Amino acid sequence: MRQVSSRSLTAFLLLVLAASVALPHHNTLRAEQKKIILRHADLIEGGGDEAGSYRSVIGNVVFQDGSLTLTCDSATDYERENKIVLKGNIVIADDAFAIYGDNGVYFSDKQTGELQGSVRGRMLDNSLFGKSHRAVVNKANSQVWLYDDAIAWHEQQQISGDIILLHFTESGDSKKKQRLDEMQVHGNAFFAAADTLSRSPVVYDQFGGKKMVIRLLEGSKIEDITVTSQAEILYHLYNEKQQPSGINYSSGDMIRMLFTDGRLNRIKVTGNVEGKQYPESFRGNKSIDLPKFIWREEENPFRKQKSLP
């Protein structure tokens, strides 16, 4: 067992770099293939056991894997297993999002990180916030998975389910940053949106089903939502003067909602369609809410924050 202090860390890394020049070709190739880099740590400890050699780093730890940055209080790197165990104040982030957790592991060969313990995340442009009990960040597939009572907030909209999958793509502007282009919700999928035309009482349009796919445009505006299997919707109606004119309930095998400038514009229900119309007197009456509806804004871990915690 040996220790290297932060004072000698720079010298230590320079020695490793210098030695790599003289290594045989296959070792140099291996070093080139290993993309993850330790950018900083206050303390390094190296050693070995029956599982092979390992390196522990402590204090202000920063790893870099391409565009992905991993920070934490301490970590243990098991080189043979391509595994880094992360502990304390973990943040996995790139130029689009940041995911936080208390404990985690990162598999460098798969470019995949798993987080547990008070998991929460956000888009860096503040367009989406979320939380769950567990998360998986898959850099290779441009995906973030939120597992177990997953919930997210997008402007005045709330998305929840057993699993939420976020998919990212390269933006179309000159900066070529990652942007969120699709959300999938699996199991108990539910979407609720505050009706911006109704201030008193405050009411919510509600959609639910077993699976939901939400597609987003540049600028994080929703383009369309498709709900399948046991799909149902409750939404508030207005006349041409934007005056309340009742509430509609519909159910079917599939419901597709189209949005214009982020606002619900058209609804299509197909397969075993059923419906019900409520008069305006039912506006704000909780008895007609869909069974799974609960507005959970107070659970948003970032609701009072404008910058990264």
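Since the model is a prediction, treat every value here as computed from it, not as a measurement.
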- Would you give the length of the straight line joining atom CG of N188 to atom CE of M212, rounded to the nearest 0.5 angstrom? 11.0 Å
- Query: Side chains of N103 and Q116: do they bring a donor and an acceptor to under 3.5 Å?
  - Reply: no
- Query: Using the ring of each side chain (for Trp, its six-membered ring), is F191 parallel, tilted or perpendicular to F207, with breaks at 30° and 60°?
  - Reply: parallel
- Message: Any heavy-atom pair between the side chains of Y78 and V85 that's under 4.5 Å?
- Response: yes
- Task: Give, for atom CG of L217 and atom CG of L180, the distance between the pair rounded to the nearest 0.5 Å.
- Result: 11.5 Å
- Query: Side chains of K268 and L258: does their closest heavy-atom pair fall under 4.5 Å?
  - Reply: no
- Query: Between E155 and K221, is there a side-chain N and carboxylate O pair less than 4.0 Å apart?
  - Reply: yes
- Quick check: are there more than 12 heavy atoms from other residues, nucleotides or ligands sitting under 6.0 Å from CD of Q243? yes
- If you measure only the distance, is there a donor-acceptor pair under 3.5 Å linking the side chains of Y238 and D195? yes
- Message: Between T71 and V61, is there a side-chain heavy-atom distance shorter than 4.5 Å?
- Response: no
- Query: Does a donor on one side chain and an acceptor on the other come within less than 3.5 Å for R215 and T226?
  - Reply: no
- Report the distance from atom OG1 of T228 to atom CZ of R256, rounding to the nearest 0.5 Å. 12.5 Å
- Query: Parallel, tilted or perpendicular: which fits the ring planes of Y278 and F282, with parallel below 30° and perpendicular above 60°?
  - Reply: tilted
- Item | D149 CG to S160 OG distance, which is reported to the nearest 0.5 Å | 8.0 Å
- Item | Any donor-acceptor N or O pair under 3.5 Å, side chains Q206, D289 | yes
- Message: If you define the side chain from C-beta out and look only at heavy atoms, does anything of R266 sit under 4.5 Å from M257?
- Response: no
- Test: R55 and D77 ion pair at under 4.0 Å: yes
- Task: Answer whether the closest heavy-atom distance between the side chains of R303 and W153 falls below 4.5 Å.
- Result: no
- Task: Please name the pair of heavy atoms, one in R283 and one in P244, separated by the smallest distance, quoted to 0.1 Å.
- Result: NH2-CB, 3.4 Å
- Item | Nearest heavy-atom neighbours spanning A152 and I164 | N-CD1, 4.1 Å
- Between I225 and V213, is any pair of side-chain heavy atoms under 4.5 Å apart? no
- From the list H167, Q184, E182, side chain to side chain contact (heavy atoms under 4.5 Å, CB included) partner of Q143 resolves to H167
- Give a yes or no on this: more than 12 heavy atoms of other residues, nucleotides or ligands lie within 6.0 Å of atom CD of E297. yes
- Between the OH atom in Y204 and the CG atom in L290, the distance rounded to the nearest 0.5 Å is 14.0 Å
- Note, D261 side chain near F259 side chain (heavy atom, < 4.5 Å): no
- Mind listing the closest non-hydrogen atom pair of S245 and N239 along with its distance? OG-N, 3.8 Å
- Message: Assess, by modelled atom type and distance only, whether the side chains of E232 and Y249 contain a donor and an acceptor separated by less than 3.5 Å.
- Response: yes
- Message: Quick one, T196 with R263, criterion side chain to side chain donor-acceptor pair (under 3.5 Å). Give me CA distance, side-chain angles, the key distance, then yes/no.
- Response: CA-CA 9 Å; T196 56; R263 292 179 56 84; 2.9 Å; yes
- Task: Side-chain contact test, heavy atoms from C-beta onward, threshold under 4.5 Å: evaluate it for V137 versus I92 and give yes or no.
- Result: yes
- Message: Evaluate Y147 against D162 for side chain to side chain donor-acceptor pair (under 3.5 Å), listing each step before the verdict.
- Response: CA-CA 6 Å; Y147 291 94; D162 297 337; over 6 Å; no
- Could you grab the distance from atom CD of Q242 to atom CG of L197, nearest 0.5 Å is fine? 5.0 Å
- Task: Anything under 30° is parallel, anything over 60° is perpendicular, the rest tilted; go ahead and classify Y100 against F302.
- Result: tilted
